[in-house]
Amino acid sequence: MYKATKLVIITERVILEGVTDLIEAGGATGWTHVDAGGRGSRGKRSARRPGVGGMMGNVKIEVIVSDHEKAEAIMTSVADQYFGNYSGITYIEPVEILRPYKFAV
Amino acid sequence: MYKATKLVIITERVILEGVTDLIEAGGATGWTHVDAGGRGSRGKRSARRPGVGGMMGNVKIEVIVSDHEKAEAIMTSVADQYFGNYSGITYIEPVEILRPYKFAV
Amino acid sequence: MYKATKLVIITERVILEGVTDLIEAGGATGWTHVDAGGRGSRGKRSARRPGVGGMMGNVKIEVIVSDHEKAEAIMTSVADQYFGNYSGITYIEPVEILRPYKFAV
Amino acid sequence: MDLLLDILSTMVAQFQKPTLAFLIGGMMLAAMGSKFEVPEPVYKFIVILLLLKVGIGAGISVREADFVELVIPAIGAAIVGVVIVLIGMRTLARWRGVSPMDGMATAGLFGAVSASTLAAGMAMLDGEGIAYEGFIGALYPFMDIAALVTAIVLARLSAKRKTATAPTPSGDGTMTLGGTVAGPVPDPSEHWDLVRGILVDTLRSPAISALLLGLALGIFARPDPVYESFYEPLFRGLLSILMLIMGMEAWSRLSELRKVAHAYILYGLAAPLVHGALGFLVGLGVHHITGFSAGGVVLLAVMAASSSDISGPPTLRGALPKANPSAYVGTSTGLGTPVAILSIPLFMALADALIGF
Amino acid sequence: MDLLLDILSTMVAQFQKPTLAFLIGGMMLAAMGSKFEVPEPVYKFIVILLLLKVGIGAGISVREADFVELVIPAIGAAIVGVVIVLIGMRTLARWRGVSPMDGMATAGLFGAVSASTLAAGMAMLDGEGIAYEGFIGALYPFMDIAALVTAIVLARLSAKRKTATAPTPSGDGTMTLGGTVAGPVPDPSEHWDLVRGILVDTLRSPAISALLLGLALGIFARPDPVYESFYEPLFRGLLSILMLIMGMEAWSRLSELRKVAHAYILYGLAAPLVHGALGFLVGLGVHHITGFSAGGVVLLAVMAASSSDISGPPTLRGALPKANPSAYVGTSTGLGTPVAILSIPLFMALADALIGF
Amino acid sequence: MDLLLDILSTMVAQFQKPTLAFLIGGMMLAAMGSKFEVPEPVYKFIVILLLLKVGIGAGISVREADFVELVIPAIGAAIVGVVIVLIGMRTLARWRGVSPMDGMATAGLFGAVSASTLAAGMAMLDGEGIAYEGFIGALYPFMDIAALVTAIVLARLSAKRKTATAPTPSGDGTMTLGGTVAGPVPDPSEHWDLVRGILVDTLRSPAISALLLGLALGIFARPDPVYESFYEPLFRGLLSILMLIMGMEAWSRLSELRKVAHAYILYGLAAPLVHGALGFLVGLGVHHITGFSAGGVVLLAVMAASSSDISGPPTLRGALPKANPSAYVGTSTGLGTPVAILSIPLFMALADALIGF
Ligand SMILES: Nc1ncnc2c1ncn2[C@@H]1O[C@H](COP(=O)(O)O)[C@@H](O)[C@H]1O
Ligand SMILES: Nc1ncnc2c1ncn2[C@@H]1O[C@H](COP(=O)(O)O)[C@@H](O)[C@H]1O
Ligand SMILES: Nc1ncnc2c1ncn2[C@@H]1O[C@H](COP(=O)(O)O)[C@@H](O)[C@H]1O
Ligand code: NA
Ligand code: NA
Ligand code: NA
């Protein structure tokens with residue numbers, strides 16, 4: 001087992017593409033996203049309710065990277081670029097992986 | 001980077017509202033939920049199958065709080081109020097965050 | 001609070017059943033899955049796009065087990081059986097739980 | 001003898017009609033392990049259209065109905081709902097191996113009404129060209145709400161009585177109902193609070209509120225053009241998909257029944273027939289008082305025979321959290337609903353024999 | 001006086017017609033806290049069918065329309081879109097407590113068009129047997145795109161001007177538009193890049209591209225059989241479900257408005273009427289030039305009165321990320337849209353009085 | 001020469017008909033980068049209704065068909081399915097740069113049948129008022145299952161042969177098929193187990209089981225009223241949406257083909273025409289033996305030309321996990337399916353010229 005870092009970003013669905021562009025630019029080998037709803041400082045957001053062009057849903061994106069600095073760098077770039085104007089939170093967790101080559105470029 | 005705690009609750013979709021009320025009462029600044037399916041001691045539960053008024057789906061709720069005690073307190077209140085009569089599990093993980101003020105009231 | 005291990009498997013939706021069979025065979029008391037999309041070494045996969053018999057979606061499966069070895073054993077068996085021919089990643093995280101009896105057979 | 005033969009031949013003929021054929025087709029799909037499935041949003045859409053159709057249709061007829069003609073069967077429907085729960089309380093809930101709480105929840109579900117089963121009954125009558133009162137859909141909430149409220153109140157009172165005698169200090173029946181946390185029930189004023197809470201919760205449930213919306217639209221607006229060009233013609237087709245789903249669900253829930261007491265199996269098989277007969281009798285009474293049609297009597301029997309599949313389960317889950325949903329949902333979806341739908345031809349044959357279409 | 005009475009009686013009659021009745025029914029459901037909900041995929045499906053219907057119908061008519069007959073109202077529609085935004089810039093965006101960015105975004109949304117509201121207008125005219133130009137749907141993109149482009153360009157230019165005067169070094173208006181990151185806007189050539197970017201983004205948005213696809217199919221292919229056997233007959237029925245959804249959404253967004261300045265409430269209530277009157281006037285002009293029908297004038301007014309509910313919000317979110325979506329979505333969905341739909345009978349009565357059907 | 005002109009003019013006319021126009025419209029949407037998308041549950045619903053329609057329609061006709069009339073084309077269909085796979089094994093699977101496993105999976109997919117393409121063919125014949133045997137849909141499973149079983153068995157046998165010669169100890173073709181894990185294939189009895197496993201899996205797949213359910217309902221029940229009032233009339237409209245989706249999918253999968261060998265592009269373009277011609281020939285033979293209609297010949301050609309898009313891919317993914325889905329899905333969805341649909345007018349013109357409608 002090898003140590004690696006998981007970066008999680010929960011934010012508005014409309015910027016999924018922009019955020020994953022930053023993730024790829026930051027050198028991650030991949031990412032996973034799931035539809036989400038939630039509540040935060042900017043009120044309730046729902047993944048299921050119709051209307052407003054699907055703009056009210058959240059997405060939870062997770063990225064496994066081999067080193068902690070890379071995770072922090074992506075985290076900062078996403079927060080800088082988006083979290084002034086869009087809802088979102090981000091955090092990091094340590095994980096253990098089997099195949100380190102899967103997560104390094 | 002600052003230390004924080006992530007509390008996860010996986011339980012029946014029908015009590016999402018009741019559980020998030022307890023989360024808010026416990027002093028969390030927000031929460032995120034995703035639709036889920038699964039299997040546990042009370043059998044299989046599916047997020048996709050039609051029928052029975054959507055009663056058979058699970059939900060996975062996660063909450064980031066700045067201190068571990070708060071997470072434990074919410075965890076215990078949810079387990080006490082609901083896990084006698086509803087399916088569910090709950091666990092805690094350490095995470096690292098960027099902006100501690102986002103997660104403290 | 002008791003220590004336990006969370007195993008996460010992100011893979012193709014079509015093999016959900018096969019993977020959860022291995023999880024149960026590995027002695028876990030349950031599992032939770034959510035629909036997911038993502039990108040990895042085998043390109044982009046989407047949970048929402050129609051077509052191709054729903055074959056293009058991912059699923060994220062998480063399993064809480066009381067001891068780390070069991071998690072590793074399930075992890076290895078899933079990787080051995082499936083990750084040669086199917087997209088997928090897997091990792092392990094330490095968690096804290098309330099009721100250890102829920103996660104031990 | 002002739003009567004029996006008549007009933008039998010009516011039933012055989014109905015098994016080939018779309019409604020029953022799709023139900024049985026769904027069961028066969030599930031039985032052969034097919035991976036065929038209808039997406040949940042589609043199921044919800046079908047149910048919404050069907051409830052609006054039943055509601056609007058009833059509303060349009062209520063406009064022209066006279067008061068007595070309407071009130072008598074409504075009272076009859078409510079009585080049937082209450083009596084079904086009382087029967088369940090005396091039988092199922094006292095059986096050995098059945099917890100009283102689970103038994104009461106099951107009785108409540110069987111007393112409540114399935115819009116899908118009612119719609120199946122309407123489609124079968126329409127298919128035979130048999131007339132029934134247009135306002136029949138308006139009777140649904142009376143039976144449904146009466147049964148759910150009775151079951152929940154009785155179950156919670158008896159749980160409270162037990163708690164009072166046995167000294168169990170914690171975990172005491174705390175319940176969440178639509179977000180409001182209610183403690184144990186100590187005095188008469190809280191009684192009314194309880195009933196009011198259940199009523200509000202039931203009225204807000206998706207199925208009942210869609211039906212009531214339809215009723216209101218039918219009564220106060222003029223939705224006739226859209227009813228005739230959209231809701232009415234789509235109704236039968238969508239019902240066929242719904243019957244498929246219900247057949248598949250029934251088969252796959254049957255397996256859950258293996259884990260519960262045998263009493264549930266007996267109840268699931270017999271109750272629809274007994275309740276249907278009760279509904280039929282009350283309908284016969286109404287027929288003699290107000291001239292209620294033979295088709296109307298059949299549909300009252302069908303409502304009584306049916307058990308709630310959309311709003312009932314989550315309402316009970318919220319109001320009686322200690323009841324085991326595997327027991328009541330399994331019994332109702334796995335046995336009660338298919339038996340009720342399959343016995344519609346029986347009620348039709350009976351009405352033909354006893355009243356005549 | 002007679003005119004006023006006429007208008008009033010037309011309006012009262014319309015409130016019972018399916019379109020408005022379902023809208024109000026949806027509001028009542030939400031107001032009583034019902035848990036009824038239409039699944040999002042169903043909502044999207046209805047919107048798709050409706051946009052294709054409007055587009056194909058318009059395309060089929062464009063085939064036979066002559067050039068002038070088409071171009072004059074299209075220019076009129078575009079002018080209305082631009083003027084609405086300019087009005088918003090001078091009023092809402094300058095109000096105390098309203099950030100100019102939020103005000104411009106709101107004006108853009110109100111200048112843009114709601115296909116659902118337009119469809120509601122068509123259904124009401126159809127219901128009364130009032131004729132209108134078949135190509136009306138083809139005017140939609142002219143007004144919609146003109147308004148969105150104007151609002152976004154003006155908002156970004158003024159934000160840039162401010163950044164130039166006030167020395168704010170970082171966080172400077174960086175924006176993502178359909179994935180392309182654009183910096184601040186320094187010279188004329190980048191001006192055109194900005195406008196082109198917004199145009200491309202708008203054309204790729206789901207609603208506009210579905211409408212344009214429908215138009216293209218109607219003009220270049222022969223989809224008439226499927227239009228008549230499927231899109232046309234389903235249209236009114238699905239619209240009734242859509243009105244339900246919009247009523248529920250309107251009610252639940254109203255609460256968001258509590259957090260924003262009062263100016264939004266005033267704007268949300270008055271703007272649809274003012275914009276509708278503007279659209280009506282321009283339509284009247286076109287009527288005198290090309291003989292544009294009274295029904296066409298009503299629909300131009302309805303487009304102007306409406307505010308975009310499908311493509312507009314995400315387009316603005318992408319192009320003006322600093323604008324607060326609670327403000328513009330809340331004002332539009334919570335007030336603008338229901339007011340616009342409810343005022344359709346007013347425009348009908350007006351057209352009847354001033355032009356005559 | 002005249003024949004060629006005839007064929008050309010038939011084809012040009014068809015490109016304006018709804019079916020092809022919507023397919024091309026979908027491609028254009030994707031090509032211009034539109035964000036328009038149809039939600040997955042809606043796609044599934046359309047596919048379900050379409051499969052039930054094809055199945056029920058066929059079932060109703062099977063009731064009245066005589067045995068020989070039915071069996072001869074069924075045998076023909078199965079032969080076509082097998083031959084297509086054998087052709088693929090000799091060509092694509094031997095190409096340089098194509099792994100034999102990937103090549104066989106692709107051949108299997110192209111041998112199998114697309115219900116959507118078949119439905120498109122039916123809609124085009126209906127649109128021209130050309131008759132065909134009602135039971136045509138019943139031939140689908142014969143061709144589909146024959147092709148899939150042949151491809152999977154041959155691919156696994158050849159993989160086994162290779163494993164036997166080359167000493168690769170681990171990762172040896174272990175496979176999961178509908179949950180049952182099967183090892184390498186050593187002796188004749190396991191042969192049959194393999195074939196049985198594939199058969200069971202195919203029969204349980206959503207598309208085949210929906211079609212078989214429809215067939216059973218058509219044969220054993222009397223679903224005629226709901227077929228005529230619901231499935232038949234909705235069919236053409238929903239097909240237009242499905243064609244849109246398939247056009248969009250085709251365009252977006254095309255890009256995946258950049259990563260695979262050029263052989264796939266050649267195969268994807270040529271195979272539908274070659275297979276269609278083969279189906280046409282076999283159809284012609286059946287025409288001479290049983291009087292099979294010209295429309296029936298066209299539909300047999302269309303089935304042969306089509307490649308499976310619903311059940312085939314996941315069945316192959318389960319049964320041949322070592323085959324690369326990008327290769328076979330990309331080739332089939334990106335090229336095979338649009339080419340097959342676009343060549344339907346060709347088969348119609350051919351049938352008109354050689355048999356006459
Ligand atoms: N404390 C929290 N724990 C978990 N999720 C949160 C928390 N705060 C915010 N979120 C999620 O992040 C989204 C955006 O948060 P915000 O920007 O604070 O509105 C919310 O809609 C939630 O899904
Ligand atoms: N060991 C486990 N690992 C992950 N999820 C679990 C586990 N046990 C239970 N769950 C989830 O929690 C839900 C309720 O569990 P239970 O109350 O045991 O039926 C299940 O439906 C699963 O989604
Ligand atoms: N670095 C990563 N971080 C998060 N998820 C990943 C990562 N790499 C792959 N995945 C997920 O695992 C799936 C399969 O990965 P792969 O086998 O590399 O194509 C992808 O579709 C993603 O959902
Ligand atoms: Na009942
Ligand atoms: Na407008
Ligand atoms: Na084929």
With rounding to the nearest 0.5 angstrom, report the OG1 to CE distance, C:Thr76 to A:Met1. 7.5 Å

Side chain from CB out, backbone as N, CA, C, O: work out which of these in A:Ile61 comes under 4.5 Å of a heavy atom of chain C, or both, or neither. neither

Results of side chain to side chain contact (heavy atoms under 4.5 Å, CB included) for A:Asp67 - residues two or more places apart only: A:Glu69, A:Lys70

Salt bridge (Lys or Arg N to Asp or Glu O under 4.0 Å) pairs touching residues 22-34 of chain C, sequence neighbours excluded, are B:Arg39-C:Glu24

Mind listing the closest non-hydrogen atom pair of C:Ser41 and A:Lys102 along with its distance? OG-NZ, 3.2 Å

Which of residues 2-11 of chain A get closer than 4.5 angstrom to chain C, counting heavy atoms alone? A:Lys6

Heavy-atom contacts under 4.5 Å, residues 88-96 of chain C to chain A: C:Gly88, C:Ile89, C:Thr90, C:Tyr91, C:Ile92, C:Glu93, C:Pro94

